[in-house]
Amino acid sequence: MFKQRKNKRFNYKPRFQDSEEKKSRADFEAKWNDTKGGDKSRGKLRSTLPALIILLVLIFVLIYILEEYIR
């Protein structure tokens with residue numbers, strides 16, 4: 001019925017913003033890759049499927065032993 005007012009959009013970009021943003025992004029990516037690469041070997045060992053299956057079997061064995069101990 002009535003025309004709604006649209007928000008005004010301004011495309012202002014500072015003159016030196018691009019170079020600083022590219023530099024900071026590259027720096028952040030380098031730090032992220034260093035941090036991410038350090039935990040890869042330790043985290044991979046815990047989350048493997050065979051390790052989780054062995055852990056599950058050990059939990060069932062422990063439950064069985066404790067049940068027999070209580071009786």
Side-chain angles (χ1 to χ4, degrees):
M1 190 149 64
F2 297 106
K3 288 188 177 182
Q4 297 288 327
R5 295 182 76 189
K6 293 184 179 179
N7 292 335
K8 294 181 180 180
R9 296 183 185 183
F10 298 99
N11 292 329
Y12 173 74
K13 194 185 289 188
R15 189 183 316 179
F16 301 107
Q17 183 180 7
D18 289 338
S19 62
E20 189 67 32
E21 183 179 329
K22 289 177 185 175
K23 181 181 176 185
S24 67
R25 181 177 294 243
D27 186 38
F28 175 74
E29 287 176 358
K31 287 181 182 178
W32 177 259
N33 289 334
D34 289 342
T35 305
K36 186 178 167 187
D39 289 340
K40 195 176 262 188
S41 63
R42 189 176 57 186
K44 192 174 186 181
L45 180 65
R46 288 188 214 152
S47 64
T48 59
L49 185 61
L52 292 174
I53 292 173
I54 291 171
L55 181 66
L56 184 64
V57 169
L58 289 175
I59 289 173
F60 282 130
V61 168
L62 182 66
I63 290 172
Y64 178 76
I65 292 171
L66 290 176
E67 285 289 327
E68 292 297 321
Y69 180 73
I70 290 173
R71 291 183 192 175

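Keep in mind that this is a model prediction, so the values were computed, not measured.
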Taking transitive links into account, so neighbours of neighbours count too, which hydrophobic residues share a cluster with Y69 at under 4.5 Å side-chain distance? none

Which residues satisfy the side chain to side chain contact (heavy atoms under 4.5 Å, CB included) test with I65, sequence neighbours excluded? V61

With sequence neighbours excluded, residues passing side chain to side chain contact (heavy atoms under 4.5 Å, CB included) with I59: L55, I63

Contacts of Q4 meeting side chain to side chain contact (heavy atoms under 4.5 Å, CB included) (sequence neighbours excluded), chain-then-number -> none

Within-4.5 Å side-chain heavy-atom neighbours: L49 and I53: yes

